[in-house]
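This report concerns only the one structure given below.
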Amino acid sequence: QVQLVESGGGLVQAGDSLRLSCTASGRTFRNYAMAWFRQASGKEREFVVVISWTGAIKYSADSVKGRFTISRDNTKNTVYLQMNSLKPEDTAVYYCATLATAYNSGTTNSRDYDYWGQGTQVTVSS
């Protein structure tokens with residue numbers, strides 16, 4: 001059984017930084033692209049950032065480009081989201097997800113991901 005467990009969310013002020021972690025089990029982690037999505041209250045879930053199975057390819061949504069960075073440590077089965085210069089509009093529940101297809105660079109479409117974490121709340125005050 002595949003499990004993804006996120007951690008690292010919290011309440012911060014605008015301009016602060018946070019690092020989210022997502023640890024996976026039950027699947028050969030290194031073979032799958034991983035992504036972060038987020039969902040603000042009353043809004044649709046949206047793509048944030050993705051990293052390929054090799055870690056060589058990363059793609060970010062325009063709204064976070066230059067501020068958020070994704071990385072992975074295959075020895076720890078963990079993917080990270082470093083969030084800098086946080087803004088109030090970054091407030092959301094953040095979810096990590098693993099792509100359904102192995103050996104792929106990843107996509108921005110949530111339907112391509114088959115396992116999801118429980119989510120971690122990030123709140124940015126102004």
Side-chain angles (χ1 to χ4, degrees):
Q1 182 179 0
V2 178
Q3 286 191 321
L4 303 177
V5 179
E6 298 111 335
S7 62
L11 171 63
V12 297
Q13 293 187 331
D16 285 351
S17 298
L18 270 179
R19 189 177 80 156
L20 306 184
S21 301
C22 170
T23 300
S25 61
R27 173 177 275 183
T28 306
F29 176 80
R30 64 180 180 273
N31 293 344
Y32 292 85
M34 298 291 295
W36 289 92
F37 291 78
R38 67 186 181 186
Q39 187 166 18
S41 180
K43 295 189 177 182
E44 299 277 320
R45 187 171 298 188
E46 66 173 359
F47 166 78
V48 177
V49 62
V50 61
I51 185 167
S52 65
W53 69 285
T54 64
I57 299 172
K58 303 174 186 179
Y59 182 76
S60 303
D62 288 343
S63 59
V64 306
K65 211 161 275 186
R67 299 188 298 123
F68 289 13
T69 303
I70 190 171
S71 61
R72 65 189 298 158
D73 184 343
N74 289 340
T75 66
K76 297 181 179 180
N77 286 357
T78 300
V79 62
Y80 303 98
L81 179 62
Q82 178 66 43
M83 305 185 293
N84 298 329
S85 302
L86 282 161
K87 304 175 181 180
E89 51 263 44
D90 294 319
T91 295
V93 178
Y94 284 72
Y95 300 90
C96 66
T98 178
L99 196 70
T101 305
Y103 311 116
N104 192 286
S105 59
T107 75
T108 64
N109 190 337
S110 62
R111 295 179 182 179
D112 295 330
Y113 294 80
D114 57 351
Y115 291 99
W116 294 76
Q118 81 286 357
T120 185
Q121 176 71 46
V122 172
T123 303
V124 184
S125 64
S126 57

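Counting begins at 1 with the first residue of the sequence. Note that these values count all heavy atoms, side chains included, but never hydrogens, waters or copies made by symmetry.
With sequence neighbours excluded, the residues forming a side-chain contact (heavy atoms from CB on, under 4.5 Å) with Lys43 are Ala40, listed by chain and number. When the side-chain contact (heavy atoms from CB on, under 4.5 Å) test is applied to Ser63, the partners found at least two apart in sequence or on another chain are Arg38, Ala61. When the ring pair (Phe, Tyr, Trp, His ring centres under 6.0 Å) test is applied to Phe37, the partners found at least two apart in sequence or on another chain are Phe47, Tyr113, Trp116. Take Ser105 and apply the side-chain contact (heavy atoms from CB on, under 4.5 Å) test, not counting sequence neighbours, and it matches Ser52, Ile57. Applying the salt bridge (Lys or Arg N to Asp or Glu O under 4.0 Å) criterion to Glu89, with sequence neighbours excluded, gives no partner residue. Asp114 is linked by a salt bridge (Lys or Arg N to Asp or Glu O under 4.0 Å) to Arg27, counting only residues two or more places apart in sequence or in another chain. Residues satisfying the side chain to side chain donor-acceptor pair (under 3.5 Å) test with Gln3, not counting sequence neighbours, are none.
Between Tyr95 and Gln39 the shortest side-chain heavy-atom distance falls below 4.5 Å. Annotation: side chain of Glu6 is not in contact with side chain of Ser21 (no heavy-atom distance under 4.5 Å).
Of all non-hydrogen atoms in Ala14 and Ser126, the two that sit nearest each other are CB-CA, 4.4 Å. Asn74 approaches Arg72 most closely through the heavy-atom pair OD1-NE, 2.9 Å.
Cluster note: Tyr103 groups with Trp53 through ILVMFWY side-chain heavy atoms spaced under 4.5 Å, whether in direct contact or through intervening members. Hydrophobic cluster membership of Leu18, counting Ile, Leu, Val, Met, Phe, Trp and Tyr whose side-chain heavy atoms lie under 4.5 Å apart directly or via other members: Val2, Leu4, Val12, Leu20, Phe29, Met34, Trp36, Val48, Val49, Ile51, Val64, Phe68, Ile70, Val79, Leu81, Met83, Leu86, Tyr94, Tyr115, Val122, Val124.
With rounding to the nearest 0.5 angstrom, the OG atom of Ser110 is 7.0 Å from the CZ atom of Arg45. Once rounded to the nearest 0.5 Å, the distance linking OG1 of Thr107 with CG of Asp112 reads 3.5 Å. The line from CG of Asn31 to CG of Asn104 is 12.0 Å long, rounded to the nearest 0.5 Å.
For residues 48-67, every residue pair satisfying the salt bridge (charged side-chain N to carboxylate O under 4.0 Å, His left out) rule, not counting sequence neighbours, is listed here: Asp62-Lys65, Arg67-Asp90. Within the structure, salt bridge (charged side-chain N to carboxylate O under 4.0 Å, His left out) pairs that include any residue of residues 94-108 do not occur (at least two apart or interchain). For the disulfide bond (SG atoms under 2.5 Å apart) condition, the pairs that include at least one residue of residues 63-126, sequence neighbours left out, are Cys22-Cys96.
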Practice prompt. Report the C-alpha distance between Thr91 and Gln121 in whole Å, list the side-chain angles of each, state the deciding distance to 0.1 Å, and finish with yes or no for side-chain contact (heavy atoms from CB on, under 4.5 Å).
Written response: CA-CA 8 Å; Thr91 295; Gln121 176 71 46; 4.0 Å; yes
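Using modelled atom types, one finds a donor on one side chain and an acceptor on the other under 3.5 Å when comparing Asn84 with Ser17.
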